[in-house]
*Asks:* 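Input: one structure, supplied below.
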Amino acid sequence: MAITIALAGNPNCGKTTLFNALTGANQYVGNWPGVTVEKKEGKIKNKKYKKEDVTVTDLPGIYSLSPYTLEEVVSRDYVLNENPDVIVDLVDATNIERNLYLTTQLVETGGVPVVIALNMCDLLAKRGIKIDVKRLSMLIGCPIVEISALKQKGLDELIDEAIKVAKQKEVKLPSEIFAKDIEAAVESVKEILPDTITEDKKDGTL
Ligand SMILES: Nc1nc2c(ncn2[C@@H]2O[C@H](COP(=O)(O)OP(=O)(O)O)[C@@H](O)[C@H]2O)c(=O)[nH]1
Ligand SMILES: [Mg+2]
């Protein structure tokens, strides 16, 4: 069974480091169709995963899925239309609050299962940061694997989890991410909106 893993994350969260560690020399670099945004794809080099035939696609580094920049349009379109089997969302553990904004958006799109790769964990002890990974995973509703892309720690555990989730094929939407009054407001907006919203493809705005 061929599996496609899409790597998503903020700029500077360690995506290139992780992509290189996973794929080594097995990389193909091109452009996303019609735009000058770099597209990188590669096969996982670890022979352990040969049977699963795992392809990793590196999405442009973005802060959100809101279509303001070309990179955000590319990533959003990929997540919504190309149906990767699983999204690995790379989160810089030393900058967790800013990084989790994209995470909530990825999880909320609901079409593709998400595994969070909590990166830069090698720096946490040094900086006196403690993260309750179990609780965070429960609140967001998706698995979290602690890694260090730089030190190549936790990478097999991450890929094992991503493959497991990809094979399950079921997507769990988080029950309640926001406070009750905000959840209620979201519900009332949902009732008004149609299922799909058309957009002006030229600049990606709604
Ligand atoms: N300490 C530490 N640094 C990392 C780790 N992963 C990436 N970095 C560093 O973070 C910086 C940004 O990484 P890069 O892979 O270029 O991020 P990208 O913009 O998401 O592709 C580089 O200096 C990396 O060496 C990690 O796990 N631990
Ligand atoms: Mg990069």
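Each ligand, and each atom within it, is numbered from 1 in the order the structure gives.
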*Asks:* Closer than 4.0 Å to some heavy atom of K15 - which atoms of ligand 1 meet that?
*Replies:* 15 (O), 17 (O), 18 (P), 20 (O), 21 (O)

*Asks:* What I want to check is whether the side chains of Q27 and N20 have a donor and an acceptor closer together than 3.5 Å.
*Replies:* yes

*Asks:* Is atom 5 (C) of ligand 1 less than 4.0 angstrom from at least one protein heavy atom?
*Replies:* yes

*Asks:* Please say which of T55, V56, D53 ends up in a side-chain contact (heavy atoms from CB on, under 4.5 Å) with I44.
*Replies:* V56

*Asks:* Let me see the working for V186 and E108 under side-chain contact (heavy atoms from CB on, under 4.5 Å), right down to the final yes or no.
*Replies:* CA-CA 12 Å; V186 170; E108 280 183 321; 6.0 Å; no

*Asks:* When you look at D92 and N119, which way does the side-chain contact (heavy atoms from CB on, under 4.5 Å) test go after all the steps?
*Replies:* CA-CA 5 Å; D92 174 355; N119 192 31; 5.8 Å; no

*Asks:* Provide the number and element of each atom of ligand 1 under 4.0 Å from a heavy atom of S148.
*Replies:* 26 (C), 27 (O), 28 (N)

*Asks:* Quick one: do the Y101 and N10 side chains pair a donor with an acceptor below 3.5 Å?
*Replies:* no

*Asks:* I'd like the name of whichever of N119, L123, T17 reaches closest to atom 27 (O) of ligand 1 through any heavy atom.
*Replies:* N119

*Asks:* Would you say atom 23 (O) of ligand 1 touches the protein, meaning some protein heavy atom is under 4.0 Å from it?
*Replies:* no

*Asks:* Answer with yes or no whether G61 contacts ligand 1, where contact means a heavy atom under 4.0 Å from a ligand atom.
*Replies:* no

*Asks:* Looking only at distances, can you tell me whether any N or O atom of P11, backbone or side chain, sits closer than 3.5 Å to an N or O atom of ligand 1?
*Replies:* no

*Asks:* Suppose we only count N/O/S atoms under 2.8 Å; would T16 qualify as near the Mg ion (ligand 2)?
*Replies:* yes

*Asks:* Provide, to 0.1 Å, the distance between atom 16 (O) of ligand 1 and the closest protein heavy atom, together with that atom's residue and name.
*Replies:* T16 CB, 4.1 Å

*Asks:* Checking contacts now, so for atom 11 (C) of ligand 1, which I'm interested in, is there any protein heavy atom under 4.0 Å?
*Replies:* no

*Asks:* Could you find the nearest protein heavy atom to atom 1 (N) of ligand 1 and give me its residue, atom name and distance?
*Replies:* D122 OD2, 2.9 Å

*Asks:* Which heavy atom of the protein is the closest neighbour of atom 19 (O) of ligand 1, given with residue, atom name and distance?
*Replies:* N12 N, 2.7 Å

*Asks:* At what distance is the nearest protein heavy atom to atom 17 (O) of ligand 1, and which residue and atom is it?
*Replies:* G14 N, 3.1 Å

*Asks:* Quick one: do the N31 and T36 side chains pair a donor with an acceptor below 3.5 Å?
*Replies:* no

*Asks:* Does the side chain of D156 pick up a donor-acceptor pair with the side chain of N46 at under 3.5 Å?
*Replies:* yes

*Asks:* Heavy-atom count around K48 NZ within 6.0 Å, excluding the residue itself: above 12?
*Replies:* yes

*Asks:* Identify the protein heavy atom lying closest to atom 25 (O) of ligand 1, giving its residue, its atom name and the separation to 0.1 Å.
*Replies:* L150 CD1, 3.7 Å

